[in-house]
Structures are given as C-alpha cells and as structure tokens.
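To start, the structure itself, in structure tokens.
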Amino acid sequence: VQLQAFGGGLVQAGDSLRLSCAASGRTFSRYATGWFRQTPGNEREFLASIKWSSGSTYYADSVKGRFTISRDNAKNTVYLQMNSLKPEDTAVYSCASMRAIFYSPGSVNSWGQGTQFTVSS
C-alpha cells in the first residue's frame, strides 16, 4: 500500500483543518491506517488510527476530543479532522499503513509521505 498525505498549509490558532491520506496499490490487504506527527528533534507521535473494515478508531490521549479520524472506503482515503488548533500542533503529519489498530513500533507496515502545516498564534 502506498500512502500520500495532503492538506497542509498555514492556519490560525483556533482554526480547523482536515488532512487527507490517499491509499493506492494493494489496498485490499490493508488493515488499518494511522496518523502521526513529528516536530524537529522529536520522535514521531501517534495520533489516531482507524480499522478499514469496521471503522473502529483509537486515539492518543493528547488529541482525544479534538481530532477525529474517519475513512471513505470508496475513495480509499482516510481523513483527520483537527479542531481548535494550537501552535503546538505545528508539525509534519504523516499517515501509515498499520497491521493493528493499537499502535506499537511493530504495528506499522509502511509510511506515507507527510504534509507540513503550521498553526500561527
């Protein structure tokens, strides 16, 4: 499965933004897709994941209630709706194909190319 994230840019604090992750290739073999973010000098942070077959979701405590992950099976696309954005949400956001909905380093099959967005105060 190949993944590509879209939707980055510049937003103001308090704004909302939706990122998209388009999947291509062997999409029938996918199990789940997750969203992650990374800032310079820091490890990649897991945000949320969704199971393709059932739509079951799992969130990191840091974004629970503010971010929502969803998927469109017909479009092979996973979305990350982000509300009440803060400057500390500034990062490179990536999506990944996962073999489990609960994140662990071994649960990621492949990484997609990320998208950068900046939240200004």
Problem set entry | Distance flag, aromatic centroids of Phe46 and Trp35, threshold under 6.0 Å | no
Exercise. So do the side chains of Ser120 and Leu10 get within less than 4.5 Å of each other, counting heavy atoms only?
Worked result: yes
For this session: Return yes if some donor-acceptor pair links the side-chain N/O of Ser94 with the main-chain N/O of Gln113 below 3.5 Å, else return no.
Result: no
Problem set entry | Any side-chain donor near an acceptor of the partner, Arg99 and Tyr31, under 3.5 Å | no
For this session: For residues Leu47 and Leu80, determine if any side-chain heavy atom of one lies less than 4.5 Å from a side-chain heavy atom of the other.
Result: yes
For this session: Report the residues that fulfil ring-ring contact (aromatic ring centres under 6.0 Å, His included) with Phe67, sequence neighbours left out, ordered by chain and then residue number.
Result: none
Problem set entry | Ser56 side, atom OG; Phe102 side, atom CZ - distance, nearest 0.5 Å | 8.5 Å
Problem set entry | Check ion pair Asp89-Lys86 (N to O, under 4.0 angstrom) | no
Exercise. Does any N or O in the side chain of Thr90 come within less than 3.5 Å of the main-chain N or O of Thr118, such that one atom is a donor and the other an acceptor?
Worked result: no
For this session: Decide yes or no for Tyr58 and Lys51: does some side-chain heavy atom of the first lie under 4.5 Å from some side-chain heavy atom of the second?
Result: no
Problem set entry | Residues Leu19, Phe6; criterion side chain to side chain contact (heavy atoms under 4.5 Å, CB included); working and verdict | CA-CA 6 Å; Leu19 301 180; Phe6 300 93; over 6 Å; no
Problem set entry | Greater than 12 external heavy atoms within 6.0 Å of Gln2's CD | yes
For this session: May I ask whether Tyr93 and Val63 are part of the same hydrophobic cluster, defined by side-chain heavy atoms of I, L, V, M, F, W, Y residues being less than 4.5 angstrom apart, directly or through others?
Result: yes
Exercise. What do the steps show when you test Thr33 against Ser49 for side chain to side chain contact (heavy atoms under 4.5 Å, CB included), and what is the final call?
Worked result: CA-CA 6 Å; Thr33 296; Ser49 58; over 6 Å; no
For this session: Keeping the roles fixed (side chain from Arg18, backbone from Tyr79), state whether a donor-acceptor pair exists under 3.5 Å.
Result: no
For this session: Kindly indicate, with the supporting measurements, whether the criterion side-chain hydrogen bond (donor to acceptor under 3.5 Å, both in side chains) is fulfilled by Glu45 and Ser62.
Result: CA-CA 10 Å; Glu45 175 189 8; Ser62 60; 3.0 Å; yes
Exercise. If we only count heavy atoms from C-beta on, is the Val119 to Asp15 side-chain gap below 4.5 Å?
Worked result: no
Exercise. Between Asp72 and Thr77, is any side-chain donor less than 3.5 angstrom from a side-chain acceptor?
Worked result: no
Exercise. Would Ile101 and Tyr59 show up in the same hydrophobic cluster when neighbours are defined by side-chain heavy atoms closer than 4.5 Å?
Worked result: no
Problem set entry | Step-by-step side chain to side chain contact (heavy atoms under 4.5 Å, CB included) determination, Val108 to Phe36 | CA-CA 11 Å; Val108 175; Phe36 298 77; 4.1 Å; yes
Exercise. What do the steps show when you test Ile50 against Val78 for side chain to side chain contact (heavy atoms under 4.5 Å, CB included), and what is the final call?
Worked result: CA-CA 8 Å; Ile50 188 166; Val78 171; 4.0 Å; yes
Exercise. So how far is it from Arg37 CZ to Phe117 CZ, rounded to the nearest 0.5 Å?
Worked result: 7.5 Å
